[in-house]
**Student:** 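Can you read through this structure? Questions will come right after.
Model, not experiment: these values are computed from the prediction.
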Amino acid sequence: MRMVVLVALALLCSSCVQQETVRFQAKAQQQAFVRDGRPALVSQKANSIVLIRPAARQIAAGGRPVFVVGIRNLTKSPVDFIVRNVAVTQVAGAQTVALKVFSYEELVAEERTRQVVEAVLVGAVAGLNSAAASQGGYSNRTTTRYTATGPHTSYTTSYSSLAATNAQNRAFRQNEKMTDAAIAEGQANLAILERDVIKDNTLMPGEWYGGTLHVAAPSRDADGPRTYTIAMMVGADRHDINIVQEAAP
């Protein structure tokens, strides 16, 4: 019951987080459009095409924007796409602030750190679970007798080895299930990063390549929409993609 209450509270809190959306401002040689209900943009240069859309329909306020990017090499020679050459800048008043672009290696390091913290928490919960199970064989009984001199209450404690064994086995199964779930979640998260995150890549002539691009959350110093630009180098081509992020309607 306690776990159900905690999960319900977590879901309630998550539903209260303000959501935001992004939209693209097309420039020359670009076209903004909608694909499956999500904003998207295509940018075409002499030697390459870039397609971009948000990975999710909405972004939690203060969260990292994630974009799905597709790149095509239009030349007859190989061209390189290097993640460190992607630059994101936010325009805040008269200032321009750089926003970090996270590499695959940095995202993997973050996930491994999260797994270490989760392992410590799971271990602590498992320890408490086992400690509680160690008392599972004991039961307390209160008896009140009414006599001419008044009520008399007595307390007795009994021990059942069968109940103790059942409690310990139940705790072991719960701890094992909890540990297995944490391990499976970590492995799944790493597999998703390996599969989805965009990485350095050489595109052969006519080849498409893509993945998710993770960007640091834009500054919230001021109310209202925030604007930032993703500058992507594909070979010698530079694609500047202007984005507006604002509260969801």
**Student:** For the residue pair Glu111 and Asn189, confirm or rule out a side-chain donor-acceptor distance under 3.5 Å.
**Tutor:**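 The answer is yes; a qualifying pair exists.
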
**Student:** Can a donor-acceptor pair be found between the side chains of Asn175 and Ser130 at a distance below 3.5 Å?
**Tutor:**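 Asn175 vs Ser130: donor-acceptor pair found between side chains.
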
**Student:** Answer yes or no: is there a donor N or O on one side and an acceptor on the other, between the side chain of Arg84 and the main chain of Ser103, under 3.5 Å?
**Tutor:**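 Flag not set: sc Arg84 to bb Ser103 has no pair under 3.5 Å.
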
**Student:** Does a side chain donor of either Gln245 or Glu20 reach within less than 3.5 Å of an acceptor in the other side chain?
**Tutor:**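 The criterion, which ignores hydrogens and geometry beyond distance, is satisfied for Glu20 and Gln245.
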
**Student:** For residues Asn242 and Thr227, determine if any side-chain heavy atom of one lies less than 4.5 Å from a side-chain heavy atom of the other.
**Tutor:**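 Heavy-atom side-chain distance check fails, nothing below 4.5 Å.
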
**Student:** For a side-chain contact (heavy atoms from CB on, under 4.5 Å) with Leu74, tell me which candidate from Val79, Asp237, Ile49, Leu203 qualifies.
**Tutor:**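 Looking at Val79, Asp237, Ile49, Leu203, the match for Leu74 under the side-chain contact (heavy atoms from CB on, under 4.5 Å) is Ile49.
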
**Student:** Quick check: is Phe24 connected to Val86 through a chain of hydrophobic side chains (ILVMFWY, heavy atoms under 4.5 Å apart)?
**Tutor:**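 As far as the 4.5 Å side-chain criterion goes, Phe24 and Val86 are connected within one cluster.
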
**Student:** Do Thr212 and Val69 come within less than 4.5 Å of each other through their side chains, counting heavy atoms only?
**Tutor:**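 When only atoms from C-beta onward are counted, Val69 and Thr212 do not touch, as no gap falls below 4.5 Å.
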
**Student:** Side-chain contact test, heavy atoms from C-beta onward, threshold under 4.5 Å: evaluate it for His214 versus Leu107 and give yes or no.
**Tutor:**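 Yes, at least one pair of side-chain atoms sits under 4.5 Å.
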
**Student:** Using atom types as modelled and distance alone, determine if a side-chain donor or acceptor of Gln115 lies under 3.5 Å from a backbone N or O of Gly186.
**Tutor:**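 Here the side-chain-to-backbone pair exists.
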
**Student:** Are any side-chain N or O atoms of Asn129 and backbone N or O atoms of Val125, one a donor and one an acceptor, separated by less than 3.5 Å?
**Tutor:**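 No, the answer is negative, given that no donor and acceptor are paired below the 3.5 Å cut-off.
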
**Student:** When you measure from the side chain of Gln19 to the backbone of Val17, do you find a donor-acceptor pair of N or O atoms at a distance under 3.5 Å?
**Tutor:**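 Judged by distance alone, yes, a pair lies under 3.5 Å.
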
**Student:** Tell me the closest heavy-atom pair linking Ser219 and Gln90, and the distance in Å.
**Tutor:**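 That would be N-OE1, 2.7 Å.
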
**Student:** With a 3.5 Å distance limit and no angle check, can you tell me whether Glu176 reaches the backbone of Arg173 through a side-chain donor-acceptor pair?
**Tutor:**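 Side chain of Glu176 to backbone of Arg173, a donor-acceptor pair under 3.5 Å: no, none is there.
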
**Student:** Any side-chain to backbone donor/acceptor pair from Lys199 onto Val197? Under 3.5 Å, distance only.
**Tutor:**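 Yes, the answer is positive, given that a donor and an acceptor are paired below the 3.5 Å cut-off.
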
**Student:** Side-chain contact, heavy-atom cut-off 4.5 Å: Leu193 with Arg195?
**Tutor:**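 They are not in side-chain contact.
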
**Student:** Would Asp80 and Thr202 count as having a side-chain donor-acceptor pair, cut-off 3.5 Å?
**Tutor:**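 There is such a pair (donor and acceptor under 3.5 Å, judged by atom type) between the side chains of Asp80 and Thr202.
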
**Student:** Is the NZ or CZ atom of Arg72 positioned over Tyr209's six-membered ring, under 6.0 angstrom from the centre and within 45° of the axis?
**Tutor:**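 Pair Arg72/Tyr209 does not count as cation-pi.
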
**Student:** Using a strict cut-off of less than 4.0 Å between a Lys/Arg side-chain nitrogen and an Asp/Glu carboxylate oxygen, indicate whether Arg114 and Glu110 qualify as a salt bridge.
**Tutor:**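 Looking at Arg114 and Glu110, the cut-off is not met.
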
**Student:** Less than 4.5 Å apart, any side-chain heavy atom of Pro65 and any of Pro218?
**Tutor:**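 With C-beta onward as the side chain, the pair touches.
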
**Student:** Quick one, Val234 and Asn73 - any side-chain contact, counting heavy atoms below 4.5 Å?
**Tutor:**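 No, every pair of side-chain atoms sits at 4.5 Å or beyond.
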
**Student:** So, the side chain of Asp180 versus the backbone of Ala184: is there a donor-acceptor pair under 3.5 Å, distance only?
**Tutor:**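 It does not hold such a pair.
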
**Student:** For the pair Lys45 and Asp240, find out whether any cationic side-chain nitrogen is under 4.0 Å from an anionic carboxylate oxygen.
**Tutor:**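 Between Asp240 and Lys45 there is no salt bridge, as every charged N stays at least 4.0 Å from the carboxylate O atoms.
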
**Student:** For a 4.5 angstrom cut-off between non-hydrogen side-chain atoms, does Tyr228 reach Val91?
**Tutor:**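 Of all side-chain heavy-atom pairs linking Val91 with Tyr228, none is under 4.5 Å.
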
**Student:** Is there a donor-acceptor pair closer than 3.5 Å between any side-chain N or O of Asn201 and the backbone N or O of Phe81?
**Tutor:**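 Pair absent, no side-chain N/O of Asn201 close to backbone of Phe81.
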
